[in-house]
Amino acid sequence: VKGRVDGLFSGQFDTGHYPDEWHWREGISMPHVTKEICNGWKSDSHVAAVVLSERIGCFVSSLLGWPGTRVGQDDVFHKPPGGSAVSYHQDGTYISVNFLPVENNAVT
């Protein structure tokens, strides 16, 4: 996946689909800021292979003692040396009320 990051932020989407959010554009955005793509799995088959991996999902659910897992959103970040900070935040409220069944959304 590491080798795909520059291409993603340059708009090289091998699936032909744009990500849900694309926060940085070559030639428009400042080069030294932190970049983010939300749901990169939709745009890149290599990212999708990791994000949608059944093996990783089984490992996570086993590790945490859950009956299963599902992806709410993936984020691809690229923070260059000296790049802008990414502040801590929580999407729990948004995610917990928008995925059903709600009782399975305790950890977000």
**Q** Would you find a donor on one side and an acceptor on the other, under 3.5 Å apart, between the side chain of Ser61 and the backbone of Pro67?
**A**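 No, Ser61 side chain to Pro67 backbone: no donor-acceptor pair under 3.5 Å.
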**Q** On a heavy-atom basis, which atom in Asp74 and which in Val76 lie closest, and how many Å separate them?
**A**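 In this case the closest contact between Asp74 and Val76 is OD1-CG2, 4.0 Å.
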**Q** Listed by chain and number, what are the side-chain contact (heavy atoms from CB on, under 4.5 Å) partners of Phe59, not counting sequence neighbours?
**A**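 Result, side-chain contact (heavy atoms from CB on, under 4.5 Å) vs Phe59: Leu63.
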**Q** Enumerate, atom names and distances included, each donor-acceptor pair closer than 3.5 Å involving a side-chain atom of residues 47-57, sequence neighbours excluded.
**A**
{"unit_1": "Ser53", "atom_1": "OG", "unit_2": "Arg55", "atom_2": "N", "d": "3.3"}
{"unit_1": "Ser53", "atom_1": "OG", "unit_2": "Ile56", "atom_2": "N", "d": "3.1"}

**Q** Look up atom NE2 in His78 and atom CZ in Phe9, then write down how far apart they are to the nearest 0.5 Å.
**A**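 With rounding to 0.5 Å, NE2 (His78) is 8.0 Å from CZ (Phe9).
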**Q** Among residues at least two apart in sequence or on other chains, which ones pass side-chain contact (heavy atoms from CB on, under 4.5 Å) with Cys38?
**A**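 Residues passing side-chain contact (heavy atoms from CB on, under 4.5 Å) with Cys38: Glu21, Glu36, Gln73, Asp75.
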**Q** Listed by chain and number, what are the ring-ring contact (aromatic ring centres under 6.0 Å, His included) partners of Trp22, not counting sequence neighbours?
**A**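 So Trp22 forms a ring-ring contact (aromatic ring centres under 6.0 Å, His included) with Phe13, Tyr18.
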**Q** Apply side-chain contact (heavy atoms from CB on, under 4.5 Å) to Gln12 and list each qualifying residue two or more places apart in sequence or on a separate chain.
**A**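 Applying side-chain contact (heavy atoms from CB on, under 4.5 Å) to Gln12 gives Ser10.
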**Q** Which value, rounded to the nearest 0.5 Å, describes the distance between Arg4 atom CZ and Ser43 atom OG?
**A**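 The distance works out to 11.0 Å.
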**Q** Does Asp20 have any side-chain contact (heavy atoms from CB on, under 4.5 Å) partners at least two apart in sequence or in another chain, and if so, which?
**A**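 Listed in chain order: Asn39, Lys42.
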**Q** Can you find a pair of side-chain heavy atoms, one from Trp66 and one from Val60, that are under 4.5 Å apart?
**A**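 With C-beta onward as the side chain, the pair touches.
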**Q** Just by modelled atom types, is the Arg25 backbone N or O under 3.5 Å from a matching donor or acceptor in the Ser29 side chain?
**A**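 Present.
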**Q** What distance do Thr34 atom OG1 and Trp24 atom CH2 have between them, rounded to the nearest 0.5 Å?
**A**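 With rounding to 0.5 Å, OG1 (Thr34) is 12.0 Å from CH2 (Trp24).
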**Q** Please report the closest heavy-atom contact between Thr15 and Ser45, naming both atoms and the distance.
**A**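 Residues Thr15 and Ser45, closest heavy atoms: CG2-N, 3.9 Å.
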